[in-house]
Amino acid sequence: MYRDFNERKRDFISLEKTGSTNSDLKKMIAKESFPLFCVLSADVQTEGRGRLGRSFFSPDGGLYFSFTLPLSGKEENIPFITLLAGLATSEAIEKLTGVKTEIKWPNDIYINGKKLGGILCELVSGKSLTAVVGVGINLNITENEIPAEIKNRLTSFFIEKICPPEKNELCRLIVEKTDSYIYEGLELFSVSEKTLSKIRESSFSTGKKAVFSSDGAAVEGFVTQITPRGSIELQLSDGTVKEIFTGEIVQ
Ligand code: BTN
């Protein structure tokens with residue numbers, strides 16, 4: 001039986017500045033000093049973290065928050081948490097701005113071919129299993145602020161000349177939509193065909209040539225599909241298809 005998470009009243013905590021909201025929530029969970037369902041946001045992060053140990057540029061003018069997803073421990077589709085949070089983010093942005101974004105597998109939110117934000121999902125196992133989902137979206141960041149080494153890859157609503165959504169409204173909607181996929185759809189047991197189609201429709205990576213870095217080795221091919229396991233299917237030049245579960249698309 002799935003743990004009963006029907007009473008999901010969330011506590012919202014906001015800070016002006018912190019190192020990383022993901023790290024803060026992980027520490028709170030380790031000390032068992034956290035409300036089961038909470039959302040922690042900060043105006044600025046000094047040590048914002050991204051996937052694969054990267055740093056996440058988090059100056060004033062962005063939305064940075066993390067929230068807890070208490071799990072039952074029996075989930076079979078953990079890789080899908082990142083994809084579901086990405087889908088929720090993309091849908092929330094579209095609802096509030098009318099603008100469609102894409103998901104670069106597995107965790108980047110793209111607009112006009114550039115990164116608008118990202119998701120960092122980390123699992124914490126203590127007494128029970130909890131996922132900490134961190135979301136960072138570039139709202140009002142200007143081109144001049146972006147460090148030279150990432151300038152050509154990063155964008156913001158401001159740079160794209162799109163009126164950004166209101167920060168708190170966007171945060172609440174992303175959490176609400178992610179909660180609903182995970183607890184109401186119970187998508188962690190088996191992702192529905194409908195949700196999988198939505199993930200596939202918003203994929204930035206499908207159909208594109210991709211150099212994939214996996215376990216230090218470069219694998220090149222065409223991304224053919226996101227699978228029902230949340231992995232990626234890559235068609236290699238000799239026609240064979242390789243399933244990729246983790247790593248990064250370099251394209
Ligand atoms: C990525 O680009 O690989 C993921 C970026 C995730 C950034 C968010 S911002 C809020 C939360 N706190 C962090 O330190 N990271 C996530």
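Owing to the predicted nature of the structure, the values given are computational and were not obtained by experimental measurement. Atoms within a ligand are numbered from 1 in the order they appear, just like the ligands themselves.
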| message | Under 3.5 Å between any N/O of Glu47 and any N/O of ligand 1: does that happen in this structure? | response | no
| Is the closest heavy atom of Ser58 to ligand 1 under 4.0 Å? | no
| query | Relative to the ring of Tyr183, is the ring of Phe37 parallel (under 30°), tilted (30 to 60°) or perpendicular (over 60°)? | reply | perpendicular
| said: Quick check: do Phe12 and Leu40 have side-chain heavy atoms less than 4.5 Å from each other? | reply: no
| message | For Phe204, does the six-membered ring have the charged nitrogen or CZ of Lys208 within the cation-pi criterion, i.e. under 6.0 angstrom from the centroid and within 45° of the normal? | response | yes
| request: Output yes when Lys17 and Asp60 qualify as a salt bridge under the 4.0 Å nitrogen-oxygen rule, no when they do not. | output: no
| query | Of all the non-hydrogen atoms in the protein, which one sits nearest to atom 5 (C) of ligand 1, and at what distance? | reply | Phe56 CD1, 3.4 Å
| field | Glu102 versus Ser202, side-chain donor and acceptor atoms under 3.5 Å | value | no
| message | Using only atom types and a distance under 3.5 Å, with no angle test, would you say the side chain of Asn138 pairs donor to acceptor with the backbone of Gly62? | response | no
| field | Per-atom contacts, ligand 1 versus Thr21 - under 4.0 Å to a heavy atom | value | 10 (C), 11 (C), 12 (N)
| Ligand-residue contact atoms, ligand 1 with Gly134, heavy atoms, under 4.0 Å | 8 (C), 11 (C), 16 (C)
| Is there a heavy atom in Arg54 that sits closer than 4.0 Å to ligand 1? | no
| task | Specify the protein heavy atom at minimum distance from atom 15 (N) of ligand 1: its residue, its atom name, and the distance to 0.1 Å. | result | Arg49 O, 2.8 Å
